[in-house]
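In what follows, a structure is listed as structure tokens, so that the remarks can point back to it.
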Amino acid sequence: MLIYKEEVKTLIIIIFLIFSIQKTIAQVSFLPYQLLPNETWPETVCIGDMNHDGLNDIVLGAGVNFGPDDDDKLYVFLQNTQGCYDTAILYSYLALQDGVSSLDVGDLNNDQKQDVVFAFNDSIGIFFQNASGSLDQPVCYYSGISPSGIITGDLNHDGLTDIAVSNWNDDHLRIFYQSATGFNTHDYPKQQSGNPDLVIGDINHDGLNDLVTIDADLFGGVHVYTQNASGLLNPDIIYHPTSPGGDYISLDGVALGDLNNDGQNDLIVTNYHNVPLSSIFIYFQDTSTGLLINPPVEIHVHDLPQAVKIADLNCDGKNEIIVFHHGAALTCLQQNDSGNFSLQQYIYTTGSGWFINPMGTRIGDVNNDGILDVVIADMENGAVILLNNTGPVGFVVYDTLTSIDTVSTITITESYFFVNTSIDTLSNYEVTRIDSFLVTNTYRSDSIRFDSLFMRK
């Protein structure tokens, strides 16, 4: 038996050329760009696709600055095809609300569109994105007393995005587990204090997302809630970083990411002090036990570190530590050839005297050039974008977003056979039949897209 079958497949090939084996470390540099005038009071910011066009947009939450036209508004800046931003679209929060303490984005109704969730008073509100690429009026859910931190992620490994909320004056964390009909809530005990910074990620190398939060009070601790197989969070494991000099610790920011290039998440927290006590603590993940290695590694940094992020800003394949300081200053700690964070680079300052909300900083590609940028909600200077103009050392940009149409067609013909064995009931003999067929597969590449193609100088 001979069967001919032709299968045509269209392949869209996206090629990212990243050259990470370099002896010289590229110094991170930015081009500051102010997005929002400073008449507003920006407190928190996030990055997401808010009109499902495949481009990252910027969502900013403004508090109260005695300007009724601007206060209590959600600002959505849509990115256009030139990598720039159009005039903000404003959405009002609810009445009788004292600003917004934190916000995040995520698909919160499983429709493949990004929604915005924010915390206020004693509740959370969700702006669901509609089919037209705008946001509907917010839907609200009670959370607890003074929700201060909010983050989205899958916390019960069902493939749906959940919401974690830390309530400042309550003794619990509340998780809003997404379901087909809305949300189911579950509370987890915590100390009656809080911090606007929460992070979600796998911190014990079991393939499940965990939740980490910190206490903002003096002598506060790091609380790690690991997820178990049943889709709930285990009681928190508490880590108390200490200073060799016995000085008190004031935690302010937390981040997760791979800091020693072993493929596993490590944890970092900031210690809010002036020099010489100002520092960051790094808890590396133990590859054998899945626990954090205690005590942590302490690195001293500039004055008053608050928020902290982990990302590869200089395109060398290794993560940097980005620290945001009181006064809108930013420093970047880069790895040297030994993997130690010994190269500290003081990058940017606005001269602002305001605090930086730990949830007022984000890192993402906001101009569609394939390189990560920084966005800061600066209460004095407005929303500030730091466009990353760093590239790999020894290479120059040849072109970006280049497409080559109809580049190749490959035809592969393969033969297959199967054996069918049966018993002839009349003769009682075993009868074996071999059937064979050919399959002709045609693979056609309709286009190849080169994103951020670098060539040697």
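Note that the coordinates shown come from a computational prediction; the quantities given were computed from them, not determined experimentally.
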Query raised in the report: Does T161 offer a backbone N or O that forms a donor-acceptor pair with the side chain of D154 under 3.5 Å?
Result: no
Query raised in the report: Taking atom types as modelled, is there a side-chain donor on Y239 or H223 under 3.5 Å from an acceptor on the other?
Result: no
Query raised in the report: Who are the side chain to side chain donor-acceptor pair (under 3.5 Å) partners of S278, not counting sequence neighbours?
Result: none
Query - Any donor-acceptor pair under 3.5 Å from T152 side chain to V105 backbone - result: yes
Query raised in the report: Is K190 reaching over with its side chain to a backbone N or O of N167, donor-acceptor style, under 3.5 angstrom?
Result: yes
Query raised in the report: Do you know the tightest heavy-atom contact between H325 and V301?
Result: CE1-CG2, 4.3 Å
Requested in this report: Answer yes if the side chains of Q285 and H205 hold a donor-acceptor pair under 3.5 Å, and no otherwise.
Outcome: no
Query raised in the report: Does T44 have any side chain to side chain donor-acceptor pair (under 3.5 Å) partners at least two apart in sequence or in another chain, and if so, which?
Result: none
Query raised in the report: If only atom types and distance count, is the side chain of R362 paired as donor or acceptor with the main-chain N or O of I47 below 3.5 Å?
Result: no
Query - Side chain D236, main chain Y225, donor-acceptor under 3.5 Å - result: no
Query raised in the report: Considering all heavy atoms of both residues, which atom of D365 and which atom of L372 are nearest to each other, and what is their separation?
Result: N-CD2, 3.9 Å
Query raised in the report: Any donor and acceptor pair, going by atom type alone, linking the side chain of D373 with main-chain N or O of N388 inside 3.5 Å?
Result: yes
